[in-house]
Structures are given as C-alpha cells and as structure tokens.
Number of protein chains: 2
Amino acid sequence: MPAPSIRARVRAEMLDEIKAVARRHLATDGANLSLRAVARDMGMVSSALYRYFPSRDDLLTALIVEAYDALGAAVEAADAGADRLDPRGRWHAACRAARDWALARPAEYALLYGSPVPGYAAPADTLGPAMRPPAVLVGIVRDGLAAGRIAAPDPGELPEPLRADLAEIAAALAPGLPEALLARCMAGWTQLFGLISFELFGRIDRTLPHRAEYFAHQTDLMADLLGLPR
Amino acid sequence: MPAPSIRARVRAEMLDEIKAVARRHLATDGANLSLRAVARDMGMVSSALYRYFPSRDDLLTALIVEAYDALGAAVEAADAGADRLDPRGRWHAACRAARDWALARPAEYALLYGSPVPGYAAPADTLGPAMRPPAVLVGIVRDGLAAGRIAAPDPGELPEPLRADLAEIAAALAPGLPEALLARCMAGWTQLFGLISFELFGRIDRTLPHRAEYFAHQTDLMADLLGLPR
DNA sequence: ACCAGATCGAGAGCAGTGCTCTCGTTTCGT
DNA sequence: ACGAAACGAGAGCACTGCTCTCGATCTGGT
C-alpha cells in the first residue's frame with residue numbers, strides 16, 4: 001500500500017472540511033458562497049484556501065459533483081429497495097427519494113438545478129453524475145418493457161426528425177427502448193424536476209398544504225402517461 | 001390633466017432608462033447585476049442610482065414584475081390568437097409563446113424562474129403577474145370543459161385531503177373546475193416550466209437538435225393527459 | 001542525517017461590489 | 001421670490017474574489 005504521507009492525509013481531511021463548511025454556508029447563505037467566510041469559519045485566512053481550490057468556482061464544482069452523486073445514489077437506492085417487478089412502485093420510490101433529498105438540502109438542490117451563472121460552464125466531471133437520476137427512471141421503464149408490463153406507444157406519433165434524435169439518445173442510454181417511450185421518460189424526468197423546483201422555490205400555492213400527496217398524485221399522472229401497470 | 005412637471009417627466013424617463021440598461025446588463029452578465037456598472041453605462045455615479053431605486057433588490061424586483069407581465073401578455077396574446085373552439089390548438093399556442101419568449105430573453109426567464117436568492121422574498125407585487133401564464137392554461141381547460149370538449153376525470157383518484165386543497169384553489173382560480181382536472185392543469189404548467197428550464201439551462205441532451213419538435217411533442221403529451229380533443 | 005525543494009499559512013494589496021453620508025446645485029410649489 | 005424638496009457627485013465603509021510575497025514546516029532522495 002502506498003502509505004500516504006502525513007501531509008497527504010492532512011490535505012485530504014482539509015479538502016473534506018472545506019467542503020463541509022462550504023456546504024453549511026450554502027445552506028444558510030445560498031448560492032452566493034463567500035470564500036472568506038468559509039476561511040474565517042476554519043480559522044484560516046482566505047488566501048490559504050487557494051492552496052486547496054484554485055478558485056471559488058472550483059469549490060462550487062466540487063460541491064456540485066458530490067451533490068449529484070449523493071442525489072443519484074439516493075434515487076438508485078430507493079429504486080433498488082422497491083419490488084423489481086412493480087414498475088409503478090419503483091417509479092414512485094425513485095421520485096419520492098429525489099424529492100426527499102431535495103427538501104432536506106434545498107440549497108444543494110438549487111446549486112444543481114437552479115439557474116446557472118452565465119459564465120459558469122459545467123465541467124465534464126459533472127455530466128456523468130448528473131445523468132444518474134434520469135437514468136434510474138429510464139431503467140425502470142426499460143425493465144418494465146422487458147418484462148412485458150409496459151406497452152410501447154405508437155411510434156407514428158413522432159415526427160421523423162425527432163424520432164431520429166430520440167433513437168440516437170436511446171441507442172446510447174437504453175438500447176432497444178422505443179423512441180416514444182423514451183420521450184415519455186423524459187417527460188417524467190422533466191415533470192419531476194419541475195415539481196421539486198416549484199415546491200422548493202415557493203411557487204406552489206400556499207393553499208396547498210398536502211404537498212406530499214400532491215407530489216404523489218402528480219408523479220402518478222406521469223406513471224399513467226408512461227403506461228406503468230397499476 | 002395633472003400637467004406633470006418637467007422633473008416628474010425626467011424622473012419617469014430615468015426610471016425606464018435605468019431598467020432598460022439593467023436589462024441589457026442582465027442579458028450579458030446574468031443575475032449578478034452590478035449597480036455600479038449600470039450607473040457607469042449611464043454616465044452617472046453609483047450613488048445617484050439610489051435616488052431611483054432604494055436598493056439593488058428593488059431594481060431587480062421592478063425588472064421581475066415587468067418580465068412577468070411581458071411573459072403573461074405574450075402567452076395571453078398567443079392564446080387569444082388561436083381558434084377559441086380548439087383547446088389543443090390554444091394549448092400549443094400558449095406553450096409555444098412561453099417558450100419563444102424565454103428563448104428570446106434567457107436571462108429574464110432565469111430571473112423569474114431560476115433559483116431564488118435565499119434572502120430575497122418575492123414582494124406581493126410579483127404574485128399577481130406571476131399567475132398570468134398558468135391562468136391562461138387553466139382558462140383553456142375551463143373553456144374546453146364548458147364547451148363539452150373535455151371530460152372530467154374520475155375525482156376518486158384524488159385522496160381526500162388533496163382533493164380539498166385543490167377544491168379551494170379551484171374556487172379561487174376557476175370556479176367549477178373539477179379538482180382532478182385542475183391537478184392536470186398544474187401538471188401541464190409544471191411540465192411547461194420544466195421543459196423551458198431544461199432547454200434554457202443546457203440540460204437537454206446535445207444529441208437532440210430538433211428542439212422545437214421535441215417541445216411540441218412533449219406539450220402534446222400533456223394535452224393528451226388533459227384529455228384535450230385532437 | 002541532512003538538505004534542496006515542495007508545500008503551507010499569514011499578511012498585504014488590488015480591483016470590484018452594495019450602500020451611506022455629505023455637500024453644493026437645480027428645480028418645485030407656494 | 002423664497003424655503004423646501006429633489007438631484008448628482010464624491011468620499012468613504014465593509015465586504016468580496018484573487019494575487020503575490022515571505023517566512024515556516026514538511027518530504028523525499030542522497
């Protein structure tokens with residue numbers, strides 16, 4: 001084994017602590033994360049932070065990658081915990097896990113799915129983890145189709161150029177998935193994002209206190225659209 | 001007539017010019033709008049701006065209100081331009097108008113529907129204009145129902161507490177609209193928001209160049225869910 | 001065991017920000 | 001015509017991200 005030097009160990013711990021403190025600040029102060037405040041909280045001077053992250057954006061990127069992975073893991077775990085032969089149950093479990101994760105960490109969710117800063121271009125590291133939650137949804141539908149529990153919609157509803165685009169995406173994401181079904185998966189994923197964002201960003205009517213029930217019903221509507229068996 | 005004084009006229013023009021310059025900066029620099037940069041562009045010193053807007057947040061709020069109204073007006077106009085007896089046509093027209101508006105002003109859309117700054121609480125002035133786009137969608141469905149072209153779904157699909165919540169919202173928004181249909185309207189509105197946000201914030205797969213067709217198909221799926229006649 | 005080189009934290013400093021206060025000047029209502 | 005209100009400019013405060021320098025500490029190879 002490589003026997004990591006003391007310095008390497010301390011540095012790794014430092015990286016983790018910086019991210020932890022930054023996450024704490026994120027929860028209270030929102031996206032306008034102050035490096036100096038983080039440094040102050042750690043008893044350091046701001047310039048010392050630059051030994052660990054070359055810029056504020058790099059710190060944010062690190063937080064984003066970890067958040068994507070945490071969300072993806074939560075959704076995957078929820079799906080894995082549901083009856084494999086019950087597509088609708090898996091669908092609801094996955095959606096609810098995403099909502100629970102977001103409600104518990106609104107600032108981190110906002111970091112992932114809020115409006116991006118114009119200058120900030122998502123580094124390639126974030127692309128993979130970002131696909132994990134939608135991949136779970138697609139996986140549920142793929143399994144249901146393979147088990148003969150979901151019927152493929154009529155492909156004729158898709159105009160040709162769109163069908164070709166979707167076919168290409170399906171080939172990379174879930175080979176064999178009919179294009180019209182992939183389109184419905186994307187609708188479900190879009191809906192899930194919209195639901196959570198609306199709830200988190202205060203766009204749900206104040207006269208709707210039963211939000212968990214509302215969420216369950218909305219995701220159930222999308223399960224209907226997907227043709228998941230009841 | 002009140003014969004507005006020269007000063008009042010100049011002040012009104014100044015307010016408009018400040019907002020116009022701020023909108024221009026918003027388009028290039030994103031949500032981190034700099035008051036000093038706006039002032040510089042106007043040949044003023046930053047402190048002079050405070051004669052017109054007491055704080056940066058107030059300027060942003062003014063821009064938000066105007067943007068909400070512009071988006072609402074665009075959606076309403078598109079709906080009004082469609083055949084009143086064709087719910088699906090009106091639905092598509094309204095959705096497309098929202099998308100077109102957003103694509104033409106991504107920064108303003110992000111201002112409206114991006115992640116809110118934690119400290120920033122939406123003033124009451126914004127609540128009314130913010131309801132205009134979803135109100136159009138609800139109106140389309142209400143009209144379709146009144147014309148007997150839309151069937152009300154089984155209310156039994158709603159758990160009781162949720163049904164009661166939706167009934168209260170329906171009473172204020174569209175009296176007589178069945179709760180299950182209102183839920184589908186909200187699903188459509190959520191979907192519309194999600195679609196535009198994903199497209200604008202770069203979350204749509206790069207291998208999907210036919211975005212207008214994709215958008216039309218996705219909104220068509222929601223029209224199916226709403227039971228709009230084809 | 002030692003020493004050159006890498007790594008680290010502290011501090012000063014720069015350019016930028018939102019915002020406040022003061023001070024003359026201009027305009028308004030009476 | 002005059003007091004009061006509105007206005008623009010400027011200085012200044014506290015804050016930000018970030019850079020650079022300067023000692024102190026640790027590391028790996030000899």
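Source: prediction; values computed, not measured. Letters go in sequence order (proteins before strands), and every chain restarts at 1.
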Query raised in the report: Do A:Y113 and B:F201 have their ring centres less than 6.0 Å from each other?
Result: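 Ring centres of B:F201 and A:Y113 not closer than 6.0 Å.
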Query raised in the report: What is the nucleic acid contact for A:L49, judged by heavy atoms within less than 4.0 Å: base, sugar-phosphate only, or nothing?
Result: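 Contact class for A:L49: none.
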Could you write out each protein N or O paired with an N or O of nucleotides 12-16 of chain C at a distance under 3.5 Å?
from	atom 1	to	atom 2	distance (Å)
C:dG13	O6	A:R36	NH2	3.4

d([atom1], [X]; [atom2], [N]) in whole Å:
X     : N      : atom1 : atom2 : result
B:R9  : D:dC7  : CZ    : C1'   : 18 Å
A:F53 : D:dG17 : CZ    : C1'   : 16 Å
B:I6  : D:dC7  : CD1   : C1'   : 15 Å
B:N32 : D:dC15 : CG    : C1'   : 16 Å
B:I18 : C:dG18 : CD1   : P     : 13 Å
A:R56 : D:dT16 : CZ    : C1'   : 9 Å
A:D58 : D:dT19 : CG    : P     : 11 Å
A:M42 : C:dA10 : CE    : C1'   : 15 Å

Requested in this report: Verify the neighbour count for atom CZ of B:R203: are there more than 12 heavy atoms of other residues, nucleotides or ligands below 6.0 Å?
Outcome: yes
Query - Taking every non-hydrogen atom, the tightest pair across B:W101 and B:L112 - result: CH2-CD1, 4.1 Å
Query - Where B:E179 and B:A167 come nearest, the two heavy atoms and their spacing - result: OE2-CB, 3.5 Å
Requested in this report: Please check if any side-chain donor atom of A:D205 sits under 3.5 Å from a side-chain acceptor atom of A:T207, or the reverse.
Outcome: yes
Query raised in the report: Do A:D58 and A:S55 have side-chain N/O donor and acceptor atoms under 3.5 Å apart?
Result: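 Yes, because at least one side-chain N or O of A:D58 sits under 3.5 Å from a partner of the opposite role on A:S55.
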Filtered N/O pairs between nucleotides 5-8 of chain C and protein, under 3.5 Å:
from	atom 1	to	atom 2	distance (Å)
C:dT7	O2	A:R7	NH2	3.1
C:dC8	OP1	A:R11	NH1	3.1
C:dC8	OP2	A:R11	NH1	2.9

Requested in this report: Would you indicate whether the side-chain heavy atoms of A:F215 and A:H210 approach each other to under 4.5 Å?
Outcome: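 No, every pair of side-chain atoms sits at 4.5 Å or beyond.
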Query raised in the report: Between D:dG17, D:dA9, C:dA10, which nucleotide gets closest to the side-chain atoms of B:V45?
Result: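 Ranking D:dG17, D:dA9, C:dA10 by closest atom to the B:V45 side chain puts D:dA9 first.
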Report task. Go through the steps to decide whether B:V138 and B:C185 satisfy the test side-chain contact (heavy atoms from CB on, under 4.5 Å), and finish with yes or no. Result -> CA-CA 6 Å; B:V138 170; B:C185 284; 4.1 Å; yes
Report task. Return yes if some donor-acceptor pair links the side-chain N/O of B:E108 with the main-chain N/O of B:R23 below 3.5 Å, else return no. Result ->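 Judged by distance alone, no pair lies under 3.5 Å.
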